[in-house]
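Note sheet for the following structure.
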Amino acid sequence: MNIQMFNFWYWFWVIISIGSFIGLYFLLRKKSPKTQKIVLFCILIAGVIVHFTKFLYPPYSNDISRMLRDSWFINICGANIALFPFFFLSKNDRAKDYMFYLGLLGGLISVIVPLEPISKINQSAEWIDIIRFYFHHTMLYAVPLLMVMFGLHKLSYKRVLWCPVYLLGVMLFIMLNQVLQSELGFIPLRGNDIMNINYKNSSLIWGPGSYSFAKILEVLCPRIFKTIPYGEFAGQTKYWPWFWLIVPAFVYLTPICFGLCMIFDHKNFKQDCLSFKEKRKAYISSKKEKYKEKDEN
C-alpha cells in the first residue's frame, strides 16, 4: 500500500470513508432518535479507545518515546477526538455547533488531503495506523454531520461567532497538553527548543513555522502578536503562542462557518432578513409620519 495524491490507494480510502458515511446514514435514518444517539456516541467512544491503544501496533509499538508523545492530544483533530463525546452529550448548542463545523472541516479535509499517511515512509508496515487515521477522520466529520442531518442538533447562523471562540479554547487545551508533555520530558518545548516552532506544531499554536499555507494567517496577525515587546531582544520577530491566531481565527473561520450553516439554516436566515426588512420599512414609515405631522403643525 503506497498512498500518494490521486493514486489507487488514495481513491480507495476516500471511497471507503465516504461510503462508510453513506452506509451509516441509510442504516440509521429510519431508527429512533434514541438509537441514533447511542450509535453515534458509541462511534465517538470507539475513537477515544482507538486513540489510546496505539501502543499495540507500529510505529508506536516500536518506539516508546513516540507512543508517549502521540498518545496525548497534540493537534486539533486529536483534541476533538477527546472532546467530542463530552460535547455530544452536553446540552450546549454552541459546543455542538463547534463539533459540526470543525469536525466537518478537519475530518473531511484530512481525508481528502491525507498528509499523515502520505508522509509515512514504510506504509506497508504501518497499515494498521493508516486504517486508524482514516477511521478517526471519517468519524470526525461523519458523526457531527449525521447528528445535524438526523435533527439531533439544529444549527443557527446566529451562533457562528462562537465557533472561533471554541476553537481558541480547544487550542488552549492542546497547549496545556504540550506544556504537560514538556514538563514530563516527552517533548522538548523548553529552553532553546521553545524557539523551534516547527516541532509538534501542526495546529500552528506556537507560530506559522515553515508551513507555506500559514502565510494567509500570518497576514492578518497584528504586529504586536509577532514581536518581542521588551528586553534585549525587543523588536525581533517572535510569535506569541496562541495569541497570534485570534484575529485570523475570527476573520477566516466565521464566514466559512456561516456558509456551512446556510446549507441547513437558510430558511431561518431568509425569514429573519425579511422580518428585518419589514421592521425597517415600518420604522422609516413611522419617521416619515412624524416629520409630516411636524410640517403640518
Side-chain angles (χ1 to χ4, degrees), residues 1-5 7 9-10 12-14 16-17 20 41-87 102-103 105-143 170-191 193-194 196-206 209-211:
M1 179 164 52
N2 178 28
I3 300 174
Q4 298 298 327
M5 289 298 292
N7 71 356
W9 287 109
Y10 168 86
F12 174 84
W13 287 112
V14 168
I16 289 292
S17 175
S20 299
F41 179 70
C42 286
I43 293 172
L44 293 175
I45 292 299
V48 176
I49 294 171
V50 170
H51 180 86
F52 279 117
T53 53
K54 288 181 178 181
F55 66 90
L56 296 174
Y57 48 83
Y60 314 101
S61 60
N62 302 330
D63 188 344
I64 298 299
S65 61
R66 180 172 180 179
M67 187 272 289
L68 291 172
R69 289 196 309 267
D70 293 353
S71 62
W72 293 60
F73 305 103
I74 55 176
N75 55 44
I76 292 174
C77 288
N80 287 340
I81 290 168
L83 297 172
F84 273 16
F86 299 101
F87 289 173
L102 266 295
L105 290 172
L108 199 54
I109 289 173
S110 294
V111 169
I112 295 173
V113 188
L115 297 179
E116 185 178 328
I118 288 173
S119 66
K120 288 186 179 297
I121 298 173
N122 192 1
Q123 293 184 354
S124 59
E126 299 180 9
W127 62 273
I128 298 178
D129 193 48
I130 291 175
I131 294 174
R132 176 209 57 81
F133 171 88
Y134 280 101
F135 168 72
H136 271 150
H137 291 89
T138 299
M139 174 200 80
L140 286 175
Y141 78 79
V143 171
V170 170
M171 286 185 169
L172 285 176
F173 172 72
I174 296 169
M175 283 185 71
L176 177 62
N177 270 268
Q178 292 190 312
V179 169
L180 286 174
Q181 282 185 298
S182 172
E183 293 298 324
L184 294 172
F186 297 153
I187 56 174
L189 276 180
R190 302 189 66 180
D193 292 306
I194 199 168
N196 184 2
I197 58 178
N198 296 313
Y199 185 81
K200 292 297 176 184
N201 187 36
S202 58
S203 298
L204 306 178
I205 293 171
W206 306 97
S210 59
Y211 298 101

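In this text the structure is predicted, and so the values were computed from the model without any measurement. Note that these values count all heavy atoms, side chains included, but never hydrogens, waters or copies made by symmetry.
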Is any side-chain heavy atom of [X] less than 4.5 Å from a side-chain heavy atom of [Y]?
| X | Y | answer |
| --- | --- | --- |
| Pro59 | Lys120 | yes |
| Met175 | Trp206 | yes |
| Ile112 | Tyr10 | yes |
| Ser110 | Phe133 | yes |
| Tyr141 | Ser17 | yes |
| Arg132 | Glu116 | yes |

Euclidean distance, [Y] [atom2] relative to [X] [atom1], rounded to 0.5 Å:
| X | Y | atom1 | atom2 | result |
| --- | --- | --- | --- | --- |
| Ile76 | Leu102 | CD1 | CG | 6.5 Å |
| Leu83 | Phe173 | CG | CZ | 5.0 Å |
| Ile3 | Asn7 | CD1 | CG | 7.5 Å |
| Met139 | Cys77 | CE | SG | 9.0 Å |
| Ile49 | Leu44 | CD1 | CG | 11.5 Å |
| Asn177 | Ser182 | CG | OG | 12.5 Å |

Test ring pair (Phe, Tyr, Trp, His ring centres under 6.0 Å) applied to Phe52 and Phe73, Trp72, Tyr60, the passing residue: Phe73

Could you walk me through whether Arg69 and Ile74 pass side-chain contact (heavy atoms from CB on, under 4.5 Å), step by step? CA-CA 8 Å; Arg69 289 196 309 267; Ile74 55 176; 5.5 Å; no

Taking everything shown except Trp127 itself, do over 12 heavy atoms lie less than 6.0 Å from its CH2? no

Atom CZ of Phe86 with >12 non-hydrogen neighbours under 6.0 angstrom: no

Under 30°, 30 to 60°, or over 60°: which ring-plane class applies to Phe12 and Trp9, parallel, tilted or perpendicular? perpendicular

Derivation and outcome, side-chain contact (heavy atoms from CB on, under 4.5 Å), residues Ile81 and Val48: CA-CA 6 Å; Ile81 290 168; Val48 176; 4.3 Å; yes

Please check this pair: side chain of His137 against backbone of Gly106, looking for a donor-acceptor N/O pair closer than 3.5 Å. no

For the side chain of His51 and the backbone of Ser71, is there at least one donor-acceptor N/O pair under 3.5 Å apart? yes

Step-by-step side-chain contact (heavy atoms from CB on, under 4.5 Å) determination, Trp13 to Val111: CA-CA 8 Å; Trp13 287 112; Val111 169; over 6 Å; no

Taking atom types as modelled and ignoring hydrogens, do the side chains of Ser124 and Asn122 form a donor-acceptor contact shorter than 3.5 angstrom? yes

Ile174 to Ala79 - nearest heavy-atom pair and separation: CG1-CB, 3.8 Å

Restricting to non-hydrogen atoms, name the atom on Pro114 and the atom on Met5 that form the minimum distance, rounded to 0.1 Å. CD-SD, 4.0 Å

